[in-house]
Q: 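Please find one structure pasted underneath; my questions will follow.
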Amino acid sequence: MPVKPLKTSSLTPLLVRLDHLCGGDLCSITTLSPTSLSIRFSVQDSARGYDWIDIQFVVSGVSNAKLVSDNVLSSLDMSEGITVEINANTCALAIGAYKGRVNEAPLYIMGTSMAYEELPFSG
């Protein structure tokens, strides 16, 4: 499946289907360019009988981010899932329940646009 732009209208159904990524695994963060980052998770998908899949979010126009080193990724608490906010000119993704205050999360990425891609489970 190719990368799809993430819009407000598609955001809620995606997050509900994936239970806001609660209990998922944070697999990797990759710098794609000086202003573009991807973040990949393994999660259960209710549309596929709760089989595991990977989902990758790509944030472009990154203006602010709080990242962690690769060796800390697996220790981040995913019990509250993720927060994703999309507005007219900005977007944000944060680990945990931080609606309206993503900059307080232990890991966050803020940018101008976001896309996602569903991928095979990486195990």
Q: Using the six-membered ring wherever Trp is involved, compare the ring planes of Phe57 and Phe41 and label them parallel, tilted or perpendicular (cut-offs 30° and 60°).
A: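 Phe57 and Phe41: perpendicular rings.
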
Q: Do the non-hydrogen side-chain atoms of Arg17 and Asp45 ever get within less than 4.5 Å of each other?
A: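 Side-chain contact under 4.5 Å: yes.
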
Q: Can you give me the closest heavy-atom contact between Trp52 and Gly24, atom names plus distance?
A: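 Heavy atoms only, the tightest pair is CZ3-CA, 4.4 Å.
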
Q: Write down the atom of Ser74, the atom of Asn71, and the distance for their closest heavy-atom approach.
A: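 Residues Ser74 and Asn71, closest heavy atoms: OG-O, 4.5 Å.
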
Q: Verify the cluster assignment for Met78 and Leu67: are they in a single hydrophobic cluster under the rule of side-chain heavy atoms below 4.5 Å apart?
A: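 Linked, Met78 and Leu67 end up in one cluster.
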
Q: Quick one: pull up CD1 in Ile39 and OG in Ser28 and give me the separation to the nearest 0.5 Å.
A: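 Ile39 atom CD1 to Ser28 atom OG measures 8.0 Å (nearest 0.5 Å).
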
Q: Thr83 versus Tyr108: any side-chain heavy-atom pair under 4.5 Å?
A: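 Of all side-chain heavy-atom pairs linking Tyr108 with Thr83, none is under 4.5 Å.
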
Q: If you round to the nearest 0.5 Å, how far is CD of Gln44 from CG of Asp51?
A: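 Spacing of CG (Asp51) from CD (Gln44) equals 8.5 Å.
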
Q: Where do Thr112 and Asn89 land on the side-chain contact (heavy atoms from CB on, under 4.5 Å) test, with the steps shown first?
A: CA-CA 6 Å; Thr112 56; Asn89 299 315; over 6 Å; no

Q: Which residue, Thr90, Val84, Ile109, Leu11, forms the side chain to side chain contact (heavy atoms under 4.5 Å, CB included) with Met114?
A: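 One option only clears the test, and that one is Val84.
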
Q: Are Val59 and Leu26 linked, directly or through intermediate hydrophobic residues, by side-chain heavy-atom contacts shorter than 4.5 Å (ILVMFWY only)?
A: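 Result: yes, single cluster for both.
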
Q: Hey, are the side chains of Arg40 and Ser122 touching, using non-hydrogen atoms and a 4.5 Å cut-off?
A: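 Yes - at least one pair of side-chain heavy atoms lies under 4.5 Å apart.
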
Q: Given the rule that I, L, V, M, F, W and Y join up when any side-chain heavy atoms are under 4.5 Å apart, are Leu76 and Leu93 in one cluster?
A: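 Yes, one cluster joins them.
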
Q: State yes or no: do Ile95 and Val68 share one hydrophobic cluster built from I, L, V, M, F, W and Y residues joined by side-chain heavy-atom distances below 4.5 Å, directly or via other members?
A: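 Same hydrophobic cluster.
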
Q: Where do Ile82 and Leu15 land on the side-chain contact (heavy atoms from CB on, under 4.5 Å) test, with the steps shown first?
A: CA-CA 9 Å; Ile82 65 170; Leu15 291 178; 4.1 Å; yes

Q: In the single-linkage hydrophobic clustering (I, L, V, M, F, W, Y; side-chain heavy atoms under 4.5 Å), do Leu21 and Val72 co-cluster?
A: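 Same hydrophobic cluster.
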
Q: Could you give the distance from CG (Asn87) to OG1 (Thr8), rounded to the nearest 0.5 Å?
A: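 Spacing of CG (Asn87) from OG1 (Thr8) equals 7.0 Å.
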
Q: In Å, rounded to the nearest 0.5 Å, how long is the span from CG of Leu6 to OH of Tyr116?
A: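 The distance works out to 7.0 Å.
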
Q: Do Glu118 and Arg48 sit within salt-bridge range, that is, some charged N less than 4.0 Å from a carboxylate O?
A: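 Result for this pair is yes, salt bridge flagged.
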
Q: So do the side chains of Tyr98 and Pro106 get within less than 4.5 Å of each other, counting heavy atoms only?
A: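 With C-beta onward as the side chain, the pair touches.
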
Q: When rounded to the nearest 0.5 angstrom, what is the spacing between SG in Cys91 and CE in Met110?
A: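 It is 10.0 Å, given to the nearest 0.5 Å.
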
Q: Please tell me if the side chains of Pro120 and Ile53 come closer than 4.5 Å, counting only heavy atoms from C-beta onward.
A: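 No, every pair of side-chain atoms sits at 4.5 Å or beyond.
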
Q: Report yes if some heavy atom in the side chain of Leu107 is under 4.5 Å from a heavy atom in the side chain of Ile29; otherwise report no.
A: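 The answer is yes, as the side chains (C-beta and beyond) meet within the 4.5 Å cut-off.
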
Q: Side chains of Glu85 and Lys99: closer than 4.5 Å at any heavy-atom pair?
A: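 Sidechains of Lys99 and Glu85: in contact.
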
Q: Do the non-hydrogen side-chain atoms of Ile55 and Leu14 ever get within less than 4.5 Å of each other?
A: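 The answer is yes; the side chains approach within 4.5 Å.
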
Q: Output the distance between atom SG (Cys27) and atom CG (Asp70), rounded to the nearest 0.5 Å.
A: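 With rounding to 0.5 Å, SG (Cys27) is 11.5 Å from CG (Asp70).
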
Q: Kindly indicate, with the supporting measurements, whether the criterion side-chain contact (heavy atoms from CB on, under 4.5 Å) is fulfilled by Val58 and Leu32.
A: CA-CA 9 Å; Val58 177; Leu32 304 173; 3.8 Å; yes

